[in-house]
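These numbers were taken from a predicted model, which means no experiment stands behind them.
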Amino acid sequence: MNLKRVFLGAFVFWLVTNALGFIVSGYLIHEVVLDSTYQASEPLWRPELRQDPPDMASLMPGWLLMSLLSSLVVAGIYSCVSNSFDGPGWKKGMTWGLCLSLFVTTNYFGLTGVMNLPNKIALWWSIDAIFLFLIAGAVMGWAVGKWADD
């Protein structure tokens with residue numbers, strides 16, 4: 001495992017997913033499309049999110065830390081499997097992003113079988129993952145290919 005690839009890849013993946021999540025999908029999906037569904041399934045959510053207005057700031061440090069740790073795992077696995085994909089770095093990264101989003105999507109729909117998570121939430125979370133991971137994977141693959149392939 002190439003640690004330069006892992007740390008660069010993790011930073012890029014983390015940066016892109018968080019930036020796009022905060023700027024695009026966080027608002028469109030979570031505040032516009034799913035707002036009423038979230039309110040209708042209020043018992044599922046943490047107390048900070050059930051306040052009016054929700055206390056997002058108190059949860060942000062944990063979200064950022066967990067997304068950084070997750071990005072290290074994503075980039076670590078990418079470092080091990082990227083040579084299985086064909087094409088330039090961005091294409092390898094996008095392929096990994098597609099694989100990753102399919103794993104996550106199956107998990108979201110699996111949750112609907114063990115908790116009262118509405119299918120609409122699982123569907124839109126999946127769309128969000130596909131959007132974020134395809135783009136972040138492509139940028140990560142490009143950056144790793146440009147600066148960390150030895």
Side-chain angles (χ1 to χ4, degrees), residues 1-39 41-42 44-82 85 87-112 115 117-118 120-149:
M1 183 180 305
N2 179 330
L3 291 181
K4 187 175 176 184
R5 292 176 65 144
V6 173
F7 287 110
L8 175 63
F11 176 73
V12 170
F13 193 86
W14 177 82
L15 186 65
V16 173
T17 55
N18 279 284
L20 288 175
F22 290 132
I23 296 168
V24 180
S25 64
Y27 172 74
L28 290 175
I29 291 175
H30 302 293
E31 293 185 34
V32 175
V33 175
L34 289 177
D35 185 55
S36 62
T37 307
Y38 286 152
Q39 289 178 24
S41 56
E42 185 177 298
L44 294 174
W45 315 119
R46 296 177 62 96
E48 297 89 346
L49 296 175
R50 294 193 305 249
Q51 297 175 17
D52 189 20
D55 185 9
M56 308 286 271
S58 69
L59 298 174
M60 194 64 61
W63 288 344
L64 291 173
L65 177 62
M66 287 299 109
S67 67
L68 181 58
L69 294 174
S70 298
S71 294
L72 282 165
V73 172
V74 166
I77 297 171
Y78 176 74
S79 177
C80 294
V81 303
S82 62
F85 306 128
W90 69 266
K91 186 177 178 189
K92 289 179 178 185
M94 184 178 278
T95 303
W96 172 236
L98 176 62
C99 293
L100 181 62
S101 65
L102 294 175
F103 290 134
V104 169
T105 295
T106 58
N107 187 54
Y108 290 153
F109 281 100
L111 288 174
T112 65
M115 60 186 286
L117 184 73
K120 181 178 180 180
I121 291 175
L123 173 66
W124 280 99
W125 283 0
S126 296
I127 291 168
D128 191 25
I130 293 166
F131 166 72
L132 293 174
F133 295 169
L134 284 174
I135 295 170
V139 177
M140 178 184 69
W142 170 80
V144 165
K146 184 168 180 79
W147 291 300
D149 272 347

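Within a 6.0 Å sphere centred on CZ of R50, heavy atoms belonging to other residues, nucleotides or ligands number more than 12. For M56, the CE atom counts as loosely surrounded, since its 6.0 Å shell holds 12 or fewer non-hydrogen atoms of other residues, nucleotides or ligands.
By the 4.5 Å heavy-atom criterion applied to side chains, W125 and F109 are not counted as neighbours. For the pair L132 and S25, the minimum side-chain heavy-atom distance is below 4.5 Å. At least one side-chain heavy atom of D149 sits under 4.5 Å from a side-chain heavy atom of V144.
Partners of D35 by side-chain hydrogen bond (donor to acceptor under 3.5 Å, both in side chains), not counting sequence neighbours, listed by chain and number: Q39.
The two residues Y78 and G89 make their nearest non-hydrogen contact at OH-O, 3.8 Å. Smallest separation of non-hydrogen atoms from L44 and P118: CD1-CD, 4.3 Å. Across all non-hydrogen atoms, the minimal contact from A75 to A10 is CB-N, 3.3 Å. Closest approach of R5 and S82 over heavy atoms only: NH2-OG, 2.5 Å. Shortest non-hydrogen contact noted between E48 and S58 is CG-OG, 3.4 Å. The heavy-atom pair separating M60 from F22 by the smallest distance is SD-CZ, 3.5 Å.
Expressed to the nearest 0.5 Å, how far OG1 of T17 lies from CE of M140 amounts to 10.5 Å. With rounding to the nearest 0.5 angstrom, the CG atom of L3 is 12.0 Å from the CG atom of L8. Rounded to the nearest 0.5 Å, atoms OG (S126) and CD1 (I121) are 11.5 Å apart. Remark: I77 CD1 to L72 CG distance equals 11.0 Å, nearest 0.5 Å. Taken to the nearest 0.5 Å, the CD1 atom of I29 stands 11.5 Å off from the CD atom of E31.
Proximity of a side-chain donor or acceptor of K92 to a complementary backbone N or O of V81 within less than 3.5 Å is not detected.
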Side-chain donor/acceptor pairs under 3.5 Å, residues 94-105, sequence neighbours excluded:
| from | atom 1 | to | atom 2 | distance (Å) |
| --- | --- | --- | --- | --- |
| T95 | OG1 | K91 | O | 2.8 |
| W96 | NE1 | V74 | O | 3.3 |
| S101 | OG | G97 | O | 3.2 |
| S101 | OG | L98 | O | 2.9 |
| T105 | OG1 | S101 | O | 2.8 |

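H30 and Y38 have parallel rings, their planes meeting at less than 30° on a 0 to 90° scale where 60° marks the start of perpendicular. Taking the six-membered ring for Trp and thresholds of 30 and 60 degrees, F133 and F13 have ring planes inclined between 30 and 60 degrees apart.
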- Audit row: F131, V24, side-chain contact (heavy atoms from CB on, under 4.5 Å) steps and yes/no: CA-CA 10 Å; F131 166 72; V24 180; 4.0 Å; yes
